[in-house]
Amino acid sequence: MFKKILIANRSEIAVRAIRACRELGVKTVAVYSEADRESRHVALADQAVCIGPAPAKLSYLDAEAVLSAAKITGADAVHPGYGFLSENADFAEACRSRGLVFIGPPPEASRKLGYKSSAKAVALEAKVPVVPGTKGLVAGDAAREAAAIGYPVLIKAAAGGGGKGMRVVRQAGELAAQLATAANEAKAAFGDGAVYLEKLLDRPRHVEIQIAADGRGGAVAFPERDCTVQRRHQKLVEESPSPALTPEIRRRMQEAAVRLVKAAGYANVGTVEFLFQDGQFYFIEVNARLQVEHPVTEAVAGVDLMELMIRLAAGEPLPFGQERAGEIRGHSFEHRINAEDPDNGFAPCPGRIETLELPGGAGVRVDTHAYAGYTVPSYYDSLIAKVITFAPDRPSAIRRSLRALGELQVGGIKTTAAFHAKVLSHPVFQKGDFDTHFIETHGLLDSKEPQNA
Ligand code: MV4
């Protein structure tokens, strides 16, 4: 096991990582920007190093600054959390070349899967179903390829992910102009204008499979997460298991995810994302990190994914097989509490948290770095807490979530907490029969916002 881990992140995930390290008897080094001096992760770690000014580019995204902090503190491994450098294969490689263990997948595997069109090629090779579309990038006759797929089609950026740079094309006449716009946007956003085409699914659900692999041939899949409730590609509610899957589909999705990660030589933890519609699932992308929503899987499967990823990175084998990993012990929700104003288009609301009452009791977990007196900086994402609930079944988990959200009180800034209660109380949500358009189509927003896919 490692002696000292540098946590290359901030906020609740840095706190989560520090707690896991402490339980493992591993010392921790926090890094922080000038805007995060008062953040909880700085106080919790054994050591803390300021790595630069507030803008992430000058601190949390500055690989050299992070690596220097690891060197001067004598850390032997780096945990990247999510976002920032977490899926940057060059950073993972730089860690390796300086004798540091990167706690995550090997750079070769994350390179293969990070580029979405090449990830799809790996999937096809591994007989994992993908959305019908171009074989690789749009190259020669795009009009012919789009016609063969059948309109409407979706243009996606190969270097993108999480919905950035997607464009819907409903008829042939719009294709050329949309391709040009998409390529320009992709170039500006990702430094790479390559795009590919897919058939547009009109009412998909987003269902993802958490996997873990030990790099010695062992790989398991956990129960799925359903992240269908999103707004502008920002997930709001995640749950496990999905109310839409049958045991048969679940098993096939898990088997497909394991085939894919084995084919890519993937190791450590990761997530295989699928769209699910009309009883069929289609691979779309891999997230080569521990995700925000990992706690619902921890609750339902009864595992500690943060501990597991540290142990796997330290060279330990998987401690259990598929049968244990796939066990479903109940139902879990995660509600992302953001410093945002739902009545004003979810505009960010940074500022000082004057008072804070966190929920508790049976089956309630809160992952947060916030406290009364903490000022939410304006430089980073607006997630201030995750309320995670666990109960024997979905109806009781909904009741538990409503109870927990009712206990939560954040004074001083606006948050998404009450919006979550609205979602949970909606009959369509309670029935479990919703798709990715749920928030827009069920009057949960005050003003009709423009919609794309
Ligand atoms: C799609 C799609 C429909 N058809 N692909 C959005 C995030 C990215 N990971 C993939 N996304 C989508 N891909 C095809 N071929 C619709 C979406 C999509 C979506 C997916 C999951 C959850 C919410 C969504 C909201 C809008 C669009």
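These figures come from a predicted structure and were not determined experimentally. Positions are given from 1, in the same order as the sequence printed here. Read the numbers this way: they start at 1 and go in the same order the structure lists the ligands and their atoms.
- Of all the heavy atoms of His437, none lies under 4.0 Å from any atom of ligand 1, so neither backbone nor side chain is involved.
- In summary, the atoms of ligand 1 found under 4.0 Å from a heavy atom of Val131, numbered by their order in the structure, are 15 (N).
- Near Leu200, meaning under 4.0 Å from any of its heavy atoms, are these atoms of ligand 1: 3 (C), 4 (N).
- Against a heavy-atom cut-off of under 4.0 Å, Ile284 is close to the following atoms of ligand 1: 9 (N), 10 (C).
- Counting only N and O atoms by type, the side chains of Gln277 and Asp202 include a donor and acceptor under 3.5 Å apart.
- When non-hydrogen atoms are compared, ligand 1 lies under 4.0 Å from neither the backbone nor the side chain of Asp202.
- In this model, no donor atom of one side chain and acceptor atom of the other lie less than 3.5 Å apart for Thr271 and Asn287.
- Arg225 and Thr297 share a side-chain donor-acceptor pair at under 3.5 Å.
- At least one heavy atom of Lys156 sits closer than 4.0 Å to an atom of ligand 1.
- Atom numbering of ligand 1 starts at 1 in the shown order; those under 4.0 Å from a heavy atom of Glu273 are 9 (N).
- Taking any N or O of Lys199, backbone or side chain, at least one lies under 3.5 Å from an N or O belonging to ligand 1.
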Applying ring pair (Phe, Tyr, Trp, His ring centres under 6.0 Å), run through Phe438 and His426 and close with a yes or a no. CA-CA 10 Å; Phe438 171 71; His426 198 284; 5.5 Å; yes
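- Using modelled atom types and a 3.5 Å distance limit, the side chains of Glu145 and Thr134 yield no donor-acceptor pair.
- Here Asp36 pairs with Arg10, Tyr60 under the side chain to side chain donor-acceptor pair (under 3.5 Å) rule; sequence neighbours left out.
- In terms of polar-atom proximity, defined here as any N/O pair under 3.5 Å, Glu198 does make such a contact with ligand 1.
- A salt bridge does not link Glu12 with Arg16: none of the charged nitrogens is closer than 4.0 Å to a carboxylate oxygen.
- The distance criterion of under 3.5 Å between nitrogen or oxygen atoms is met by Glu285 with respect to ligand 1.
- Counting only residues at least two apart or on different chains, the ring pair (Phe, Tyr, Trp, His ring centres under 6.0 Å) pairs with a member in residues 239-282 are Phe274-Phe281.
- Residue contacts with ligand 1, taken as heavy atom pairs separated by less than 4.0 Å, involve Leu154 solely via side-chain atoms from C-beta onward.
- The shell of residues lying under 4.0 angstrom from ligand 1, judged by heavy atoms, includes Met166.
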